[in-house]
Amino acid sequence: MHWADSIAKALSHRGDKQVIASGITPSGEFHIGHLREILSSDIIKRACQRSGLDVEFVFFVDDADPLRKVYSFLDESYEQYIGHQLANIPPPDNNGMPDMARFEQGTSYADHFLQPFIQALEHIGVNIDEIIYNYASYKDGKVAEASRAACNQSEGIREIIERVSGRELNENWFPWNPVDSNGSIDGITITGWQDPIVKWTDSNGNEGQSDVTKGEGKLPWRVDWPAKWSWRGVTMEPFGKDHGAAGGSYDTGKEISLLLGSPPPYPTTYEWISLKGVGAMSSSTGVTIGPLEALELVPPEILRYLIARNKPNRHIDFDTGGALIELADEYQKKLSDLEKGPGEWNTLSRRQQVAWEKLKAQLIYSQIDPKQMPQAASERVSFRHLSLLAQIRSDDDDVWASLQRSGLISGQPSGDLPRRLELMRTWIDSTHFPEAFRLRIQTEIIDEAAENLDQRDSEYLTALSNQFKHCGWISDEINGIICNEAKAREISLRDAFQTLYWIVLGQDFGPKLASILAEMKREDVLNLLELAISTV
RNA sequence: GGGCCUGUAGCUUAGCCAGGUAGAGCGUCCGGCUUUUAACCGGAUGGCCAAGGGUUCGAAUCCCUUCAGGCCCGCCA
């Protein structure tokens, strides 16, 4: 059974009405790891729908959280905003400076990072029923009851946090972080509580008071989380392993949730996605990749597939290199397996049946349109193959022509093939494209190539060179010359091609050689051949 | 110190929750395609399921112990 279906099954025992939640603090650039949080929820939502549950997916934006520090991408001037809530501070401009103009037009720091992410989610087929802005929720009084309940039971909550997390709380600890006279929620001492008013003294010695029902501040994280479950009725939420550790915020949260009068949601902890550098060189240069950037490289269903195929507790090494091409090709292979069908069902072992159901679910959950069943039509062109053609053929029409000749497509490219080619070209132009798949046209003869050349090769190359000077510079003619001259000298085609691959690409294999030569300038090819001949 | 996850063929892994003869992809090797899409097709190779113990007619699967690796326990998913 697919992992999401298992969760849906567990949820069905709790009731027919499910609210699945995700939450993210928009404190900086979103990255591929955030996608796991959101896609896990989205996939679970679909699994619930598949098993007939009534399900909602809500996305909490934690824009009531304060700025923790001046991040590396921010200008020093953000120092003044530390401790201020993310919904309340200006967005950074391209230089990391506070952009007051945009702020005045209504774009906050939180919005700045959130908006592109939300856009990416649409492309990736994530269907959120409600985006909940935490800051606005406090302001609108949606958290009012939960906030009052927490403040009225501050001792009980303190007891839970201290006992479960083993952490000792400050004597003045209180489950409310008010906003001080400067707009910061750091460094404030609570001096009194009279429902619904909190009295406090800030770090400058100023005294003040906050009404917890009007969002003048927020609940601290360990209380804020269960409060959300409580006021929005969350029944299921996946969260990162940091929250899942013993004594972590889920452990304290579930008890606090009960104290506030609601059962805690069904939990699922997921492992991190780490970014595998593009080879060893770039892991130190800190190449990161955001959801938007990833969407410029591969079709969105591949990213969905990445999450759908891996159980949440499975660590993922995200690799924009060769592994991503393999992932994409694996996806297509499975599509075509699905199309072929499982065979005679009754003759399958239970294990085969399980595998089949799982394959099907993985593919269903990878679709951008949840109503569309996976289909393999027009998906016969592998990413691997496309990456070669895209490098050899600069003109799209030449790519289609090549695919037609090889029978992979008939007529004009259909479906999302043109889009895939466009993505592939972006990928090739980026630093993320794997070196192992990159074609390197040589300008010199490398040592390995020279070692493999002998007198017979020299004569062969000379003959090629002579013919290449006059022939039509198209793939078929070039290929004909290579083959005919080899035959004339009783050189096996395998050897002939290997010799040429060494000279042209610096390796002993490659994609169809004549296509590469036809893309090169005639004189460059002739020069390379001359160089090769002269090393013998 | 507390806790979570992982350990299955050279590599990536499925199967574990509901115990019933270990599956796949990649790689490798051989063969085919008599002009090669690092393509495709066919075949072969390859695992005492980390180790030990227990439960059972039967354990990769359940329980216990150990070992190894990764990670989390200051609001970074």
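Letters A, B, ... mirror the listed sequences (proteins, then strands); counts begin at 1. These numbers were taken from a predicted model, which means no experiment stands behind them.
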Worksheet entry | Donor-acceptor pair between A:Asp111 and A:Ser108 side chains, under 3.5 angstrom | yes

Worksheet, complete the sentence: residues 33-43 of chain A vs salt bridge (charged side-chain N to carboxylate O under 4.0 Å, His left out), sequence neighbours excluded, gives A:Asp42-A:Arg46, A:Asp42-A:Arg304

Discussion item. Need one value for A:Lys311: base, sugar-phosphate or nothing, where a base atom within 4.0 Å counts as base even if backbone is also close, heavy atoms only.
Written reply: sugar-phosphate

Worksheet item: Taking the P atom of each, how far is B:U65 from B:G70, in whole Å?
Response: 23 Å

Discussion item. Expressed as a whole number of angstroms, how long is the span from A:Phe117:CZ to B:C76:P?
Written reply: 16 Å

Practice prompt. Return yes if some donor-acceptor pair links the side-chain N/O of A:Arg384 with the main-chain N/O of A:Ile325 below 3.5 Å, else return no.
Written response: no

Worksheet item: When all nucleic acid strands are considered with a 4.0 Å heavy-atom cut-off, which category describes A:Leu439: base, sugar-phosphate, or nothing?
Response: base

Discussion item. Can you measure A:Leu11 atom CG to B:C17 atom P for me and round it to whole angstrom units?
Written reply: 20 Å

Worksheet item: Whole-Å distance between B:U13 P and A:Leu306 CG?
Response: 12 Å

Worksheet entry | By side-chain hydrogen bond (donor to acceptor under 3.5 Å, both in side chains) - contacts of A:Glu330 (at least two apart) | A:Tyr305, A:Arg309

Worksheet item: Which sits closer to the 5' end of RNA chain B, A:Thr25 or A:Val354, going by the nucleotide each is nearest to?
Response: A:Val354

Worksheet entry | Nucleotide nearest A:Ser6 (side chain, heavy atoms from C-beta), chosen from B:C75, B:G15, B:C17 | B:C17

Worksheet item: Taking atom C1' in both B:U36 and B:G10, what distance in whole Å separates the two?
Response: 27 Å

Worksheet entry | Residues that A:His84 engages under side-chain hydrogen bond (donor to acceptor under 3.5 Å, both in side chains), provided they are two or more places apart | none

Discussion item. Using whole Å, what does the distance between atom C1' of nucleotide B:G3 and atom OH of A:Tyr250 come to?
Written reply: 16 Å

Practice prompt. Could you tell me whether the side chains of A:Lys218 and A:Gln85 share a donor-acceptor contact shorter than 3.5 Å?
Written response: no

Discussion item. Please report whether the ring centroid of A:Phe113 lies less than 6.0 Å from that of A:Tyr109.
Written reply: yes

Item to complete: Quick one: list whatever passes salt bridge (Lys or Arg N to Asp or Glu O under 4.0 Å) with A:Arg489, sequence neighbours left out.
Response: A:Glu485

Item to complete: Output yes when at least one side-chain N/O atom of A:Lys69 is less than 4.0 Å from OP1 or OP2 of B:C75, else no.
Response: no

Discussion item. For A:Tyr365, run the side chain to side chain contact (heavy atoms under 4.5 Å, CB included) check against A:Lys360, A:His2, A:Glu301 and tell me which one passes.
Written reply: A:His2

Check nucleotides 67-72 of chain B for protein N or O atoms closer than 3.5 Å to its own N or O atoms and list the pairs.
from: B:C71; atom 1: O2'; to: A:Lys241; atom 2: NZ; distance (Å): 2.3
from: B:C71; atom 1: O2'; to: A:Trp272; atom 2: NE1; distance (Å): 3.3
from: B:C72; atom 1: O2'; to: A:Asp242; atom 2: O; distance (Å): 3.4

Item to complete: Check every strand shown and say whether A:Ser27 touches a base, only sugar-phosphate, or nothing at a heavy-atom separation below 4.0 Å.
Response: nothing

Worksheet item: Taking A:Asp5 for the side chain and A:Met1 for the main chain, is one N or O donor matched with an acceptor at less than 3.5 Å?
Response: no

Worksheet entry | ring pair (Phe, Tyr, Trp, His ring centres under 6.0 Å) against A:Tyr71, all qualifying residues, sequence neighbours excluded | A:Phe73

Worksheet item: Are the side chain of A:Trp473 and the backbone of A:Met520 linked by a donor-acceptor contact shorter than 3.5 Å?
Response: yes

Practice prompt. Would you kindly say whether A:Arg222 and A:Ser249 are connected by a side-chain donor-acceptor distance under 3.5 Å?
Written response: no

Worksheet item: In whole Å, what separates the P atom of B:U61 from that of B:U6?
Response: 14 Å

Worksheet item: Expressed in angstrom and rounded to an integer, what is the separation of A:Trp176 atom CH2 from B:C75 atom P?
Response: 19 Å

Discussion item. Checking side-chain polar atoms at under 3.5 Å, does A:Gln442 have a donor or acceptor matched by the opposite partner on A:Trp502?
Written reply: no

Worksheet item: Mind checking the C1' distance from B:C16 to B:G7? Whole angstroms is fine.
Response: 14 Å

Fill in: Results of side-chain contact (heavy atoms from CB on, under 4.5 Å) for A:Ala146 - residues two or more places apart only
A:Val143, A:Ala227

Worksheet item: So, do A:Tyr250 and A:Phe239 have ring centers that fall under 6.0 Å from each other?
Response: yes

Practice prompt. Mind checking side-chain contact (heavy atoms from CB on, under 4.5 Å) for A:Pro91 and listing every partner two or more places apart, or none if nothing turns up?
Written response: A:Asp99, A:Arg102, A:Phe103, A:Thr107, A:His112

Fill in: Atom C1', compared across B:A14 and B:U8: separation rounded to whole Å
10 Å

Are there any protein N/O atoms within less than 3.5 Å of an N/O atom in nucleotides 20-29 of chain B, and if so, which ones and at what distance?
none

Item to complete: Give the rounded distance in Å between these two atoms: CZ of A:Arg167 and P of B:G74.
Response: 6 Å

Practice prompt. Decide, yes or no, whether a salt bridge links A:Glu271 with A:Lys311 under the criterion of side-chain N to carboxylate O below 4.0 Å.
Written response: no

Practice prompt. For B:U21 versus B:C17, give the span between their C1' atoms, rounded off to a whole number of Å.
Written response: 22 Å

Do any N or O atoms of the protein come closer than 3.5 Å to N or O atoms of nucleotides 7-12 of chain B, and which pairs are they?
none

Worksheet entry | Pairwise C1' distance for B:A59 and B:A18, with rounding to whole Å | 15 Å

Worksheet item: Within this structure, what is the NE2-to-P distance between A:His2 and B:C17, rounded to whole angstrom?
Response: 18 Å

Worksheet item: Can you check the A:Asn310 CG to B:C5 C1' distance for me, whole Å?
Response: 14 Å

Worksheet entry | Secondary structure string for RNA chain B (Watson-Crick or G-U under 3.5 angstrom, | for other-strand pairs) | (((((((..((((......[..)))).(((((.......))))).....(((((..]....))))))))))))....

Worksheet item: Of the nucleotides B:A38, B:A77, B:G74, which one has an atom closest to the side chain of A:His34?
Response: B:A77

Practice prompt. Taking atom C1' in both B:G25 and B:A9, compute the distance separating them and give it to the nearest angstrom.
Written response: 12 Å

Response to the item:
Between A:Gly248 and A:Glu37, whichever has its closest RNA chain B nucleotide further toward 5' is A:Gly248

Grab the N/O contacts between the protein and nucleotides 33-35 of chain B below 3.5 Å, and write none if there aren't any.
from: B:U35; atom 1: O2'; to: A:Asn479; atom 2: ND2; distance (Å): 3.2
from: B:U35; atom 1: O2; to: A:Asn479; atom 2: ND2; distance (Å): 2.9

